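Below: one structure, written as C-alpha cells.
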Amino acid sequence: MTTAIRIDGKAKAAELSKEITARSEALLRDHGIRPGLAVVIVGEDPASQVYVRNKQRTAEACGFHSVRHSLAEDVPQAEVLALIDELNRDDAIHGILVQLPLPDHLDEQTVTQSILPVKDVDGFHYVNIGKLTAGHVDDAFVPCTPAGIMLLIEDQVGADLSGLNAVVIGRSNIVGKPMASLLLAANATVTISHSRTRDLAGVVRGADIVVAAVGRANMVRGDWIKPGAVVIDVGINRIEAEVDGETKTRLTGDVAFDEAIEVAAAVTPVPGGVGPMTITMLMSNTLRSARLAAGEGG
Ligand code: GUN
C-alpha cells in the first residue's frame, strides 16, 4: 500500500482562484479597475480552441474583463501585429496572450515580442525571460506552467530547495528553461535533461524533484524514481485505451503514474495536476499587471 500523496492541482487552483477573485473585486472597489485579459487565437486548432475557452471561462469566473480575438488561419502577420499594437495601447487590457502554436506563415518570435513586457502575462517576452534568468523572479512575469508547478512543489517541500537535486526533463522555452530558472532561484541544484541526454533514467534516479515535460506518454518509469521524490508531470498525451472491449482515447502524462506513486513521496496526476494550475497562474499574472497599472504592488 502506498502512502504517497496524489497532488490535487485542481483543488489548489480552485483555492487560489478564490483569492484572485477577492483581490480583483478589491481592485475594482478601491481603484475602479477591473483586470482585463485579451486572448488572441489564430485558426481552428481544436486543442487550442479548448484551452482558450477554458482561459476565458476562468477569467470571467474571477470577475475579469475578458475579450477574445479569433483570427482566420491565413491572417497576414501585419494584421496580427496591428491588433497587438491596439491591445498594447488599450487601458482596459492588462494581459495579452497569443495562443500558440501559430500557423507556419506567422513568425512566433516577432508576434510574442511585440506584446509590451508589462502586459506579457505569458512571460514570453525577452525582458521577462531576462528578469527571470537573472533571478529577479518577483519582478518578472513568469510563464504560467512553471509558476504553478513551483507552488505545488512549495506545498510539498517548502520554498527553500537548498540541498535538493531537481531534474527537469525537457528544454522548451515555455516549460523546461523557465522551470530550471525558478528551481535555481529557489536554491535547488538543477539539471536540465532532454532527448539527447545519456542515461536519462540514471539522471532522474538522483533527483529529489522531477519535472517531466517531454510529451511522451508514460516515459518516466517507477524504477527511475528516487524513493521519497516529488514528481511533477507536465505531459498531456492522448493515448488509445481499451475500455470494456472498446478502443477509446484518454489523457495520460509523461510519468507512469501507478508505478511512480509506489515509490515517490508525491506525484501530480494527469489530468488534475499541473493543468488547472497553469490557467490559474495566468489569472494571477493578469491581476498582478492590473494592480501594477493601478499603482499597487503586484
Ligand atoms: N500553447 C500551449 N501552452 C501555451 C501557453 O502557456 N501560452 C500560450 N500563449 N500558448 C500556449
Side-chain angles (χ1 to χ4, degrees), residues 7-29 33-73 80 83-84 86-87 90-102 111-112 115 119-124 141-149 151-152 174-175 233-238 249-253 268-291 293:
I7 298 174
D8 191 344
K10 203 170 161 188
K12 173 83 178 171
E15 188 188 305
L16 287 170
S17 287
K18 246 193 236 170
E19 257 174 60
I20 292 167
T21 306
R23 295 181 75 206
S24 165
E25 282 165 1
L27 190 64
L28 185 60
R29 188 179 60 235
I33 291 179
R34 189 186 286 282
L37 174 66
V39 178
V40 179
I41 179 164
V42 183
E44 303 292 334
D45 177 61
S48 290
Q49 298 281 342
V50 173
Y51 293 144
V52 163
R53 205 172 315 128
N54 284 339
K55 286 169 186 176
Q56 278 201 285
R57 201 174 292 153
T58 311
E60 282 155 22
C62 289
F64 290 6
H65 168 55
S66 163
V67 292
R68 170 187 181 141
H69 293 271
S70 300
L71 306 178
E73 178 83 27
V80 181
L83 172 62
I84 292 171
E86 193 184 303
L87 295 168
D90 185 342
D91 289 342
I93 297 300
H94 305 98
I96 304 169
L97 177 145
V98 177
Q99 186 65 26
L100 302 178
L102 290 170
V111 171
T112 52
I115 297 170
K119 295 193 178 189
D120 169 39
V121 286
D122 254 331
F124 294 167
F141 282 112
V142 175
C144 302
T145 299
I149 291 171
L151 296 183
L152 297 179
I174 295 186
V175 182
D233 191 348
V234 189
I236 304 177
N237 310 290
R238 194 163 278 287
T249 68
R250 68 175 178 90
L251 292 181
T252 190
T268 61
V270 176
V274 171
M277 289 297 287
T278 295
I279 297 191
T280 301
M281 296 319 289
L282 176 65
M283 304 308 139
S284 173
N285 281 350
T286 305
L287 172 67
R288 176 161 176 268
S289 176
R291 284 176 55 81

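As the structure is a computational prediction, the values presented were derived from the model and not from experiment. In what follows, every heavy atom counts, from backbone to side chain, and hydrogens, waters and symmetry copies are set aside.
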Checklist line | Closest approach of I174 to P143 (non-hydrogen atoms, all atoms of both residues) | finding: O-CB, 3.7 Å

Notebook entry, point to check: Considering all heavy atoms of both residues, which atom of H94 and which atom of A293 are nearest to each other, and what is their separation?
Noted result: CD2-CB, 3.9 Å

Next item on the list: Have a look at I115 and tell me which of L87, V40, D120 forms a side-chain contact (heavy atoms from CB on, under 4.5 Å) with it.
Entry: D120

Item checked: Separation of Q99 CD from R68 CZ (nearest 0.5 Å) -> 9.5 Å

Check: Shortest non-hydrogen contact from L27 to A290?
Finding: CD2-CB, 3.7 Å

Notebook entry, point to check: Is the closest side-chain heavy-atom distance between V98 and F124 below 4.5 Å?
Noted result: no

Next item on the list: Give a yes or no answer on whether the side chain of N237 reaches the backbone of T252 with a donor-acceptor pair at less than 3.5 Å.
Entry: yes

Notebook entry, point to check: After noting the C-alpha distance and the side-chain angles of T112 and D122, does the key distance pass the side-chain contact (heavy atoms from CB on, under 4.5 Å) rule?
Noted result: CA-CA 9 Å; T112 52; D122 254 331; over 6 Å; no

Next item on the list: Could you walk me through whether T145 and M281 pass side-chain contact (heavy atoms from CB on, under 4.5 Å), step by step?
Entry: CA-CA 8 Å; T145 299; M281 296 319 289; over 6 Å; no

Note to self: Given 3.5 Å as the limit, does a donor-acceptor pair link the side chain of N285 with the main chain of V142, or not?
What the structure shows: yes

Notebook entry, point to check: Which pair of non-hydrogen atoms, one from N54 and one from T58, has the smallest distance, and what is that distance?
Noted result: O-OG1, 2.7 Å

Next item on the list: Kindly give the heavy-atom pair with the smallest separation between A13 and M277, and that separation in Å.
Entry: N-SD, 3.7 Å

Next item on the list: Please examine the side chains of L282 and L37, heavy atoms only from C-beta on, and report whether any two atoms are closer than 4.5 Å.
Entry: yes

Check: Are the side chain of S289 and the backbone of K119 linked by a donor-acceptor contact shorter than 3.5 Å?
Finding: no

Next item on the list: Evaluate the side-chain proximity of L151 to T280: yes if any heavy-atom separation is below 4.5 Å, no if none is.
Entry: no

Next item on the list: Flag yes if more than 12 heavy atoms outside K10 fall under 6.0 Å of its NZ atom; otherwise flag no.
Entry: no

Next item on the list: Write down the atom of P276, the atom of G9, and the distance for their closest heavy-atom approach.
Entry: CB-O, 4.0 Å

Next item on the list: With side-chain contact (heavy atoms from CB on, under 4.5 Å) as the test, would you mind laying out the steps for I41 and Y51 before giving the verdict?
Entry: CA-CA 10 Å; I41 179 164; Y51 293 144; over 6 Å; no

